[in-house]
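Right, one structure below, let's go through it.
These numbers come from the heavy atoms of this one structure, side chains and all, not from hydrogens, waters or symmetry mates.
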Amino acid sequence: MTNLEEHISKMSNEEIRDNIMSLNTKQLKLIKESSYLNAFSAINTLKNTLKYKIKNDNMELTSEINLLDYYLNKTIGLLDNSIKYESDNNIKLKLQEVMDIRQELYELSSIIDGYSIEIAYVGELADQHGIKILSNKDYDNVPYSIKKVEDLITMINEVLSKFKDDYYKYIYVISQIISILPMRLVKENYFSIVKNTIMRNLKPYTKSQVESQINEYKKQFDSSIRDGYGTKFDYYFREIQKLRNINLSDKDIDGLDDIVKEIMRLTKEINEIFDFILRLGLISNMIIVINLTDRIAISKEIEDIYYNWIKVIWDEDKEKADELTDQIEKKIKEIEEEIFVDLEEFNILNSEALNREDFSYDDLNEELLYTKKTLTYYNDAKLSDYNILFPEDESLITQEYLEQIVDSLIQYINRSLSKMKNIERKVRMRKLLSHIELPFNGIEEFNNYIKYSLDNRVLPKEEINFTISYILYFLEDLLNSKQEI
């Protein structure tokens with residue numbers, strides 16, 4: 001028992017309650033100040049990013065840039081107003097306004113993410129055509145050998161055995177191998193594997209968690225038929241459609257290379273815009289935290305930083321902005337360290353309270369639940385859907401509803417597949433299968449899948465040898481790499 005634990009164990013129930021309330025208030029103050037500082041820092045970065053985009057991006061993106069500028073100025077205005085004392089009614093109005101902006105940014109990020117997913121599929125289609133050309137060129141004189149397939153399976157099993165105690169590496173290896181292997185499953189077998197695996201994986205989760213994951217699978221499989229796709233940032237919608245309409249089978253390797261360069265250019269732009277919107281969304285989270293803790297005063301130091309920051313923002317003085325950023329980052333680190341220290345004491349107090357049969361949380365529940373809500377926004381680093389952050393139903397999913405919702409996914413996939421050419425169907429089916437955690441019932445079924453995918457009765461020997469070489473390269477690189485997955 002530490003000195004702190006011993007000291008707390010000797011406290012009365014009232015002392016523990018008072019200390020929990022005091023630390024809770026202090027935590028909220030620190031979180032509020034950290035939210036201000038993180039918002040200041042992020043807005044500095046986004047202002048510079050937007051200035052560069054206005055100067056360098058093409059005219060096709062003018063409306064998109066104006067939209068980003070609108071949201072950025074809106075968040076600056078909300079942050080600027082937050083420092084002023086307001087009536088309760090005005091606080092509620094400001095809170096609702098920033099929550100509406102957060103929702104708009106979430107929907108916008110979802111649309112941009114859809115473009116990112118769809119252009120990645122265009123890239124994979126170009127890769128498939130490139131693989132055919134290169135495999136015919138480089139492996140034309142290399143004979144097919146079943147022993148090579150068996151040796152590959154042996155090596156895959158050895159690598160999986162090596163990572164059996166590292167779950168994330170284990171599933172990463174399986175996922176990557178599935179994403180490399182040609183998709184040769186017929187629809188019925190594919191749907192059976194997908195359904196059985198998802199039913200198994202999602203069984204222990206709540207209804208809201210399952211619904212979220214199923215929606216994610218739908219988006220990953222085909223974002224182009226989701227609500228909102230093509231309604232905003234339609235420049236990227238048009239450019240992706242142009243690429244999708246190209247007949248890739250007519251292209252030689254140089255022609256494919258030009259297409260891949262265009263895909264990479266668009267992917268870079270889309271990722272930059274997604275990152276910009278995500279950061280704006282996280283700033284809105286910070287402003288929500290600030291409004292939720294409106295009646296908690298901030299320190300004079302944070303107020304001074306605030307007034308310096310708002311002046312620098314509008315003066316656009318880069319030298320002063322850099323100096324202020326250094327000051328902000330240093331202060332954020334100090335606050336985070338203080339939050340961590342106080343959290344340790346809070347947890348000990350809470351643990352001691354839970355161990356006492358005569359301790360009542362009745363006076364604390366409302367305050368602690370409010371703090372939990374505030375922390376949910378503060379800790380949301382992905383701009384998650386509001387329904388995921390605050391689910392209405394936290395009960396475990398029933399087997400009946402699980403089967404029903406997985407069937408809806410299968411139907412969604414089937415409708416989407418009916419509109420695609422064969423090569424695109426295979427690419428999308430493979431991608432989704434690689435995203436599902438540990439498909440197949442055990443290693444033997446996985447081994448049989450590898451063997452079937454590399455069967456020379458269904459795949460040219462050139463593509464088989466190319467695929468074997470690619471997987472071997474991946475495995476050797478993984479074993480020699482010291483990077484974390």
Enumerate donor-acceptor pairs with a distance under 3.5 Å from any side-chain N or O in residues 404-411 to protein atoms, sequence neighbours excluded.
{"from": "Asp407", "atom 1": "OD1", "to": "Lys195", "atom 2": "NZ", "distance (Å)": "2.9"}
{"from": "Ser408", "atom 1": "OG", "to": "Ile405", "atom 2": "O", "distance (Å)": "2.6"}

_Phe346, CZ: over 12 other non-hydrogen atoms inside 6.0 angstrom_ = yes

*Whether over 12 other heavy atoms sit under 6.0 Å from Phe390 CZ*: yes

*Is it true that a side-chain atom of Tyr412 and a backbone atom of Asp222 form a donor plus acceptor pair closer than 3.5 Å?*
yes

Pair listing, salt bridge (Lys or Arg N to Asp or Glu O under 4.0 Å) test, anchored in [range], at least two apart:
{"range": "residues 198-209", "result": "none"}
{"range": "residues 357-377", "result": "Arg17-Asp363"}
{"range": "residues 429-438", "result": "Glu124-Arg430, Glu124-Lys431"}

Ion pair [X]/[Y], N-O distance below 4.0 Å:
{"X": "Asp326", "Y": "Lys330", "result": "no"}
{"X": "Lys232", "Y": "Glu107", "result": "no"}
{"X": "Glu323", "Y": "Lys320", "result": "no"}
{"X": "Glu15", "Y": "Lys10", "result": "no"}
{"X": "Lys333", "Y": "Glu336", "result": "no"}

Sequence-distant partners of [X], side chain to side chain contact (heavy atoms under 4.5 Å, CB included), two or more places apart:
{"X": "Thr231", "result": "Ile111"}
{"X": "Leu369", "result": "none"}
{"X": "Lys382", "result": "Asp380, Ser384"}

*Residues that Tyr401 engages under ring pair (Phe, Tyr, Trp, His ring centres under 6.0 Å), provided they are two or more places apart*: none

Going by side chain to side chain donor-acceptor pair (under 3.5 Å), name the residues that satisfy it together with [X], two or more places apart in sequence or in a different chain.
{"X": "Asn38", "result": "Ser34"}
{"X": "Asn379", "result": "none"}
{"X": "Tyr217", "result": "none"}
{"X": "Asp342", "result": "Lys26"}

*Would Gln220 and Glu216 count as having a side-chain donor-acceptor pair, cut-off 3.5 Å?*
yes

*asked:* Over 60° means perpendicular and under 30° means parallel, so tell me whether Tyr361 and Phe359 are parallel, tilted or perpendicular.
replied: perpendicular

